[in-house]
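Take a look at the structure below.
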Amino acid sequence: MRWAVVVFPGTNCELDCHHVVADVLGQPVEYVWHKDTRLEGFDAVILPGGFSYGDYLRTGAIARFSPIMGAVADFAAAGRPVIGICNGFQILLEAGLLPGALRRNEGLKFRCHDVHLRVENGATAFTNRCRPGQVLRVPIKHGEGNYYADPATIDELERTGRVVLRYATPEGAVTAEANPNGSLNNIAGIVNERGNVFGMMPHPEIAAEAILGMEDGRLIFESIVASVEGRVAHVR
Amino acid sequence: MSAEHGASASARPWEEVGLTSEEYGDIERILGRSPNPVELGLFGLMWSEHCSYKTSKSSLKRLPTRGPRVVQGPGENAGVIDIGDGVAVAFKIESHNHPSFIEPYQGAATGVGGILRDIFAMGARPIAILDSLRFGELDDAKQRWLFGGVVGGIGAYGNCFGCPTVGGEVHFDRSYRGNPLVNAMCVGLVDRGRVFYGRAEGEGNPLILVGSKTGRDGIHGASLLASKEFDERAEERRPAVQVGDPFLEKLLLEACLELLDSGAVVGLNDLGAAGLTSAASEMASRGGYGLEIDLDKVPRRETGMTPYELMLSESQERMLLVARAGREDEVRRVFAKWDLDAAVIGRVTAGGRLRVLENGRVVADVPAAALAKDAPVYERPEAEPAYLKETRAFNPATLPPVGDPAAVLERLLATPDIADKAWVFEQYDHFILDNTVVRPGSDAAVLRLKGTRRGLAVTTDGNGRYVYLDPRAGAAIAVAEAARNVVCSGAEPLAVTNCLNFGNPERPEVMWQFRRAIEGMTEACQALGTPVTGGNVSFYNETLGENIHPTPVIGLVGALEDVERDQTTQWFKDEGDLVAILGPLGGDPVAGLGGSEYLKVVHGKTAGRPPALDLDLEARVQRACLKAIREGLIRSAHDVSDGGLAVTLAESCFGGPGPAVPIGASVDLPADATAAESSSGPSLRLDALLFGEEQSRVVVSLASAAEGRLKAICEAERVPLAFIGLVGGSDLRILVGRRPVIQRPVAALRTIWKETIPWLMR
């Protein structure tokens, strides 16, 4: 399978995503410049983290107008996997490919530290290598990761199992203390209705190797591989 | 020439650009005529203390700058060392003290921006930022504002740019309340054979200005902001502080690195202090060529800028490059991809002159080398500061005995100097680029180097109190401690960059401090085999006549042979591991309490002499420690510094960010260690044993099976070694001669240590 890592001006986690796919998973991967308009020949698309367009105006608000986003929408409409990490998640929200918004962290500060994530749904294209209820240790590094949606949307996300990852304690308890940014219902990652577009604030790409002290993030990438290679069904 | 072209005509024109009448005379001799206002502005900048090092130059020459690994020493955008496997490391530290006092957020942010550009000017991709910060005490609202603003600014710039901030230090002392220190260090990687230099070469080659457009921001940053002390009107200089755009700098980085790969570039230089003037004159002077600049070609962000303003602007996120003739379009194409300007603004000329044109008219014509190299060199008078008589007379042996040692330990852990700095580094992305093996919080940060087995350990250190009390010893300790931190992390110390923060050098006492500090640094760098590859001198750190503690900050880079095998943190790991001290056990009040954190916090004094440092012993302790780590004997290593042995043990128990969890320890220190040979006679100096800061000590933990081998290594290196206890339990227990002196739950101590800064900054 071939991976695309989309690069917007100001994206800065592209090297890390590329590294994990190429050097840890050993899979073919290419950078795709935001001015490109085609994603043919790719099997999975990563919108990496960073500060596209400097976060000016609003996170992800300018990047959604980049030429590549039309192709990303088509790719998603075709049922293929798209993962947005951090700023990539913000872009997916701005593009309307996922519901809700990310507001400034409750403490109004950028926060960079490990969090624990409880896998709420282990049957998605992005988590099929995790046990439901498994707790992953993955870092966050963001200033605007405070997930918000209107009550009806939250209710629907919850009812349909689309809340995939939730901030939790190391033991898996979902508590206010375990919530680093004020996200509603401790939401850390969600999928779209069809299950092929996924956004998460924590960074699995910096938690994919033993030498860095964290490996759980690799499960996210391996899940995508398993799903694309047909070992698990990912489209509802 | 009319006033619109620069400084207004005046009877004493040199004063407006911060020069003396003698310097003005030198300029007239060099030019064979009077400089016009634009030319005078150029000299004012380049001959400022900040750009010319006119006061420090002769002293800096003493520092050792050569070594088998040194690829590039001082004089370039950054130093470069060869770490093997075809990999070179570019690194440098710089100050942004005065801008940060006036506008902490932007001052600190642009400090980070400037040091990043210095690194990628060498063709290197920045992989780590470290920041060494000093503020006044946090009980003062202004200091909290400065501290919060500086940390926010550093985070905003580094996080957005995408370079991890992996380390540094923060200290608080009244001496910095009118003049905080913000020193930013950056480390980058470049292929050994692809180092670029800031040189203009090849007659006819185009000179290209890339990146941001030029505006009126930051005019006179170098001459008036950085090269003068502060008075009551400091805040009026706010317009001289630049504003940073890290987003643009990230684009600039990628465009520059992409372009360097193409082979179209001859030389590259950052535009920092003194803007176009400095970059052009340094590139020309290093290459031995001249430059002609047509100001009409400079992309501007505002209209009506004079030649003077264009040449002096310190607008951020700009680089100057010389390309190969005929390849201009290639340069334009790469920069256009990143939506950046790339304007051919001139060309390389023979003859070594910097000629500046506007509307086809020459507005400045001066020898480039005269600007960049020929500033007068001053041997300013020195005099030993009077305060030293008093501070040296203090004998720590006269202190009353320590009352409740556990309460003192708690007090030290609640001192912002020692307390947990997670409040700071959790505002920095310290993970990006996927290399961070040991995060901020341990003795040094460790980064892996992808594609090799190697790693880098990086740290900054400097204790202003020690240097204040004895500049020579204090500066040597800064080098020794930095090297020790790197060794404790599993790396061999390789090279140093320094940021020398001092007061007003026109005061003989400051010059005396400066020269002694250089001596101490020279001795230590020689003894530890760590040459100095560059750095920065920051004088005039004085407000309303009050000088800061002289504070040389050492940035040190070390290499790990095998990062997986050797990476070591300061945190105790496993129940039942042995705890040992490499180096002297301590306990001598005179050798350990002078200038200590204990003396400052508990007794309110900054006095005595700083801890004695035996460089020969230091080198042996470091060799033994590194050998033991490389043999896989060591589970944790933590150098004994601020707060002494008790604080070191407590910190070793606290666990780190990430997987290391808190764990207890129980140690029994031999009572005879405290029967010091000092003037205090046989009385027990418990304070010195627990809180003294004697140098050349490392607390390690190891599996009991490794005991014999560690003994053998220490014997071979003639390093004192004492096994003092065991890791385990949930308490920190310290006994002296089997008598318990401290017993506290680690969790309780850790809470005090963790909550102090968040509580002060709430």
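Chain identifiers are assigned alphabetically (A, B, ...) following the order of the sequence lines, protein sequences preceding nucleic acid strands; residue numbering begins at 1 within each chain. Since the structure is predicted, the reported quantities are computational estimates derived from the model, not experimental observations.
- Taking chain A as the reference chain and counting heavy-atom pairs below 4.5 Å, the highest number among Asp245(B), Val446(B), Val563(B) is found for Asp245(B).
- Heavy-atom distances place both the backbone and the side chain of Ile206(A) under 4.5 Å from chain B.
- Note that the NZ atom of Lys109(A) and the CD atom of Glu426(B) stand 12.0 Å from one another [nearest 0.5 Å].
- Among Val438(B), Asp429(B), Leu433(B), Val437(B), the residue with the largest count of heavy-atom pairs under 4.5 Å with chain A is Asp429(B).
- Taken from CG in Leu15(A) to CG in Asn435(B), the straight-line distance is 10.0 Å, to the nearest 0.5 Å.
- A distance of 11.0 Å separates NE2 in His113(A) from CD in Gln427(B), rounded to the nearest 0.5 Å.
- In this pair, Trp33(A) and Trp338(B) present their aromatic rings perpendicular. The plane angle is above 60°, beyond the 30 to 60° band.
- Residue contact with chain B, scored on non-hydrogen atoms closer than 4.5 Å, involves the side chain of Tyr56(A) exclusively.
- For Leu251(B), the part sitting under 4.5 Å from any heavy atom of chain A is the side chain, from C-beta outward, and nothing else.
- Glu205(A) contributes atom CD, which lies 6.5 Å from atom CG of Asp434(B) (distance to the nearest 0.5 angstrom).
- Cys112(A) places none of its side-chain heavy atoms less than 4.5 Å from the side chain of Tyr428(B).
- The candidate with the highest count of non-hydrogen atom pairs below 4.5 Å against chain B, out of Pro139(A), Cys13(A), Gly143(A), is Pro139(A).
- Contacts between Lys450(B) and chain A at a heavy-atom distance below 4.5 Å involve the side chain alone, from C-beta outward.
- For the options Gly155(B), Cys160(B), Pro246(B), heavy-atom pairs under 4.5 Å to chain A are most numerous at Cys160(B).
- Contacts of Glu254(B) with chain A are made by side-chain atoms alone, with heavy-atom separations under 4.5 Å and no backbone atom involved.
- Distance check, rounded to the nearest 0.5 Å: OG1 of Thr436(B) to CD1 of Ile211(A) gives 11.5 Å.
- In this structure, Asp16(A) contributes its side chain and Ile432(B) its backbone to no donor-acceptor pair below 3.5 Å.
- Per-residue heavy-atom pair counts under 4.5 Å with chain B were compared for Arg111(A), Glu209(A), His203(A), and the maximum is reached by Glu209(A).
- With a 4.5 angstrom heavy-atom cutoff, Phe431(B) touches chain A via backbone and side-chain atoms both.
- Residue Asp114(A) holds its CG atom at 4.0 Å from CZ of Arg439(B), rounded to the nearest 0.5 Å.
- Residue with the most contacts toward chain B among Gly49(A), Gly10(A), Pro9(A): Pro9(A) (heavy-atom pairs, distance under 4.5 Å).
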